[in-house]
2 protein chains.
Amino acid sequence: MTPPRTRSTGAGEPSRTLALLWGDPSAQPRKGPGRSVTVAQVVDAALSLADEEGLGAVTMRAVAQRVGVSAMSVYTYVPGKAELLDLMVDALYAQMPRPAWGRSRWRSRLTSVAESNLELLTTHPWLTEVAALSRPPLGPGVMAKYEHELSALDGSGLSDVDTDAALTYLLGFVQSHARSAHDARRATTDTAMSDEQWWAANQPVLERALDPTAYPRATRIGAAAGEAHGSAWSEAAAWTFGLARTLDGLAALIERD
Amino acid sequence: MTPPRTRSTGAGEPSRTLALLWGDPSAQPRKGPGRSVTVAQVVDAALSLADEEGLGAVTMRAVAQRVGVSAMSVYTYVPGKAELLDLMVDALYAQMPRPAWGRSRWRSRLTSVAESNLELLTTHPWLTEVAALSRPPLGPGVMAKYEHELSALDGSGLSDVDTDAALTYLLGFVQSHARSAHDARRATTDTAMSDEQWWAANQPVLERALDPTAYPRATRIGAAAGEAHGSAWSEAAAWTFGLARTLDGLAALIERD
DNA sequence: TTGTACGTCGTACACCGTACTGCGTACACT
DNA sequence: AGTGTACGCAGTACGGTGTACGACGTACAA
């Protein structure tokens, strides 16, 4: 591990990542032995690994084994792990549905955009650990997704700059929500401890933490929220609340007189 | 590295983390040699390390060296790295300002809450990689922060459940924004490549990516956004836009008739 | 005084990303 | 047609991570 770079498209020449993303034929040398697999197979292997066992299972060795080459051979397909992650993200974006908008209004269109993104982030929760909202890898998947989602705001009357800002804002909410959901799921999953078990096990110390005289609102409201939807944080409730607020916030911009 | 747990309060007995967070005296044994440092010093060392050199520099060995003990001795203060991160978060929350609200209205109060959080996340960008919105470590810092921020909505007329949801929603926006800002800063920082340099270096392939006939809106709007604020993603513009939308969205709930 | 609970530390392990090297293949040029 | 060489592949190795384990010494409880 040379520098502590954790992610994202890096330095490899003037960026081989873009060439990979766009399948640039200039990156197709004509010497040496034939390649035993393809870049797409490498990316697919990494994707299935991430989906099945989480992002932590995506190691270069594991990817290599899954496609049937040695660990170091992966580096002839992909400059490094960060770039592989970029390719994974772009590949997923490319597969997203892009329905025609027909006569629907902006609010239902944006609801659809939000739900598509939630669906993607729910199916591939590790995306929330990887996908950058600013500075995504500029591949065909990203471009197609961006283009389609922008088109949802056709006819909204917003300026170009505001259209971009509005979309980014909406996607930010979805990402934020999905990340919370992912975190919450992991918390119960990988401690193998249900909410109630945790609560019971920690009750002695928790009594001090939840002192109603020291934290009157926190204890009251925390308890109310817990009772209202079963646990301290409800995925469904947070989604409907947040999406409504987000659309209302955009409505204040779009529908102002 | 045993299991691939990356974060958050774990299994150590019925959770020694809570005892640590609250300074539980039952965790004070009276045998053996005196401790050479304190838990607070360990946490402080980890905090300064993270602030100075990023979260990647926070390794158990580095923390140990900074407080002047051996790597393994850190484990007598803290059950593991995940718990150390929890303690760091709680310590930071504990230090946040908690001004009295006086006669101010909900909108200016929430603006203040948002700005305080942004300030914290800007000063300690690594927090965006660590802090969970759902399921935070229930320490005194978290509780005090939660209590204070809830009080900003006193008199708003919202139900307890909605108050909690509104606050979570606001904080979600701030986190999401701060994370994007952090990502964007890293992208230019650790590739040592300015926006223009990157753009120039990749222009050949980028011409295909930004084909206006294939992606008319994306290219037009992307260019417009880029011109409007110098780069593809402007931190300041995204903040003012997003905060306004978020508050407008909440206004639709709070001020409805 | 002594037993023992506990803090400290060195060593060791499994695993990570990836640099380097050696080898054999198959195209490009003469 | 022969050959040089660019390239794909694999093995080994390095420096890093979190942390399990065991040896050793300290200081309180009996």
Side-chain angles (χ1 to χ4, degrees), chain A residues 1-8 10-13 16 20 26-39 41-42 46 49-50 53-86 88 129-130 190, chain B residues 1-8 10-13 16 20 26-39 41-42 46 49-50 53-65 67-86 129-130 190:
Chain A
M1 201 190 305
T2 11
R5 267 204 319 147
T6 21
R7 329 186 331 85
S8 211
E13 312 302 317
R16 204 177 129 207
L20 279 170
S26 84
Q28 313 269 348
R30 291 284 163 226
K31 287 286 189 67
R35 329 212 63 180
S36 36
V37 295
T38 66
V39 177
Q41 284 172 42
V42 171
L49 219 34
E53 308 180 53
L55 194 59
V58 181
T59 71
M60 297 304 265
R61 295 182 224 278
V63 171
Q65 191 188 355
R66 192 163 278 220
V67 292
V69 299
S70 82
M72 289 315 294
S73 289
V74 177
Y75 287 89
T76 67
Y77 295 89
V78 150
K81 190 177 183 180
E83 289 80 2
L84 175 56
L85 293 175
D86 282 345
M88 293 166 68
E129 303 170 48
V130 154
D190 65 29
Chain B
M1 205 190 306
T2 11
R5 265 205 321 148
T6 23
R7 326 187 334 85
S8 213
E13 314 301 317
R16 201 177 131 207
L20 279 171
S26 85
Q28 313 270 346
R30 290 284 163 227
K31 284 287 188 65
R35 328 211 64 179
S36 37
V37 295
T38 66
V39 177
Q41 284 172 40
V42 171
L49 220 33
E53 308 180 53
L55 195 60
V58 181
T59 70
M60 297 306 265
R61 289 166 172 73
V63 172
Q65 191 189 354
V67 293
V69 298
S70 82
M72 288 316 292
S73 288
V74 176
Y75 286 89
T76 66
Y77 295 89
V78 150
K81 188 176 183 181
E83 290 79 3
L84 175 57
L85 292 174
D86 283 344
E129 303 170 46
V130 153
D190 65 29

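Residue numbers begin at 1 in each chain, while the letters A, B, ... track the order of the sequences.
A straight line from CZ of Arg35(A) to P of dC27(C) spans 14 Å, rounded to a whole angstrom. The distance from atom OH of Tyr77(B) to atom P of dT19(D) is 18 Å, rounded to the nearest whole Å. Between Leu49(A) atom CG and dC16(C) atom P there is a gap of 10 Å when expressed in whole angstrom units. Distance, Glu83(A) CD to dG17(C) P: 13 Å, rounded to whole Å. Between the C1' atom of dT18(C) and the CG atom of Leu84(A) lies a distance of 14 Å, rounded to the nearest Å. Between the CG atom of Leu55(A) and the C1' atom of dC16(C) there is a distance of 13 Å, given to the nearest Å. Rounded to whole angstrom, the span from the CD atom of Glu53(A) across to the P atom of dC16(C) amounts to 11 Å. Atoms CE (Met60(A)) and P (dA19(C)) sit 10 Å apart, rounded to a whole Å.
When distances are taken from the side chain of Lys81(A) to each of dA28(C), dC9(D), dG17(C), the shortest belongs to dG17(C). Nearest to the side chain of Pro33(A), among dC9(C), dC6(C), dG24(C), sits dG24(C). Considering only side-chain atoms of Lys31(B), the nucleotide from dC28(D), dT8(C), dC9(D) that sits closest is dC28(D). With dC16(C), dT17(D), dC9(D) as the candidates, the nucleotide lying closest to the side chain of Thr59(B) is dT17(D). Closest to the side chain of Met72(A), out of dT8(C), dC21(D), dG11(D), is dG11(D).
Side-chain contact check for Val69(A) versus Val42(A): every heavy-atom pair is 4.5 Å or farther apart. In this structure the side chain of Lys81(B) never reaches within 4.5 angstrom of the side chain of Val63(B), judged on heavy atoms.
Interface remark: the Arg61(B) side chain does not form any donor-acceptor pair with the dG16(D) base, using a distance-only criterion of under 3.5 Å.
Within a 6.0 Å radius of CD in Gln41(B), more than 12 heavy atoms belonging to other residues, nucleotides or ligands are found.
Looking at which nucleotide of DNA chain D each of Gly34(B) and Gly80(B) is closest to, the 5′-most match is held by Gly80(B).
Thr76(B) comes within 4.0 angstrom of a nucleotide base, judged by non-hydrogen atoms across all strands. Among the heavy atoms of the strands lying under 4.0 Å from Val58(A) are primed sugar atoms or P, OP1, OP2 only; no base atom is included.
With values rounded to the nearest 0.5 angstrom, Leu84(A) atom CG is found 6.0 Å from Met60(A) atom CE. How far OG of Ser70(A) is from CD of Gln65(A): 11.5 Å, rounded to the nearest 0.5 Å.
Side-chain nitrogen and oxygen atoms of Ser73(A) include at least one within less than 4.0 Å of the OP1 or OP2 phosphate oxygen of dA10(D).
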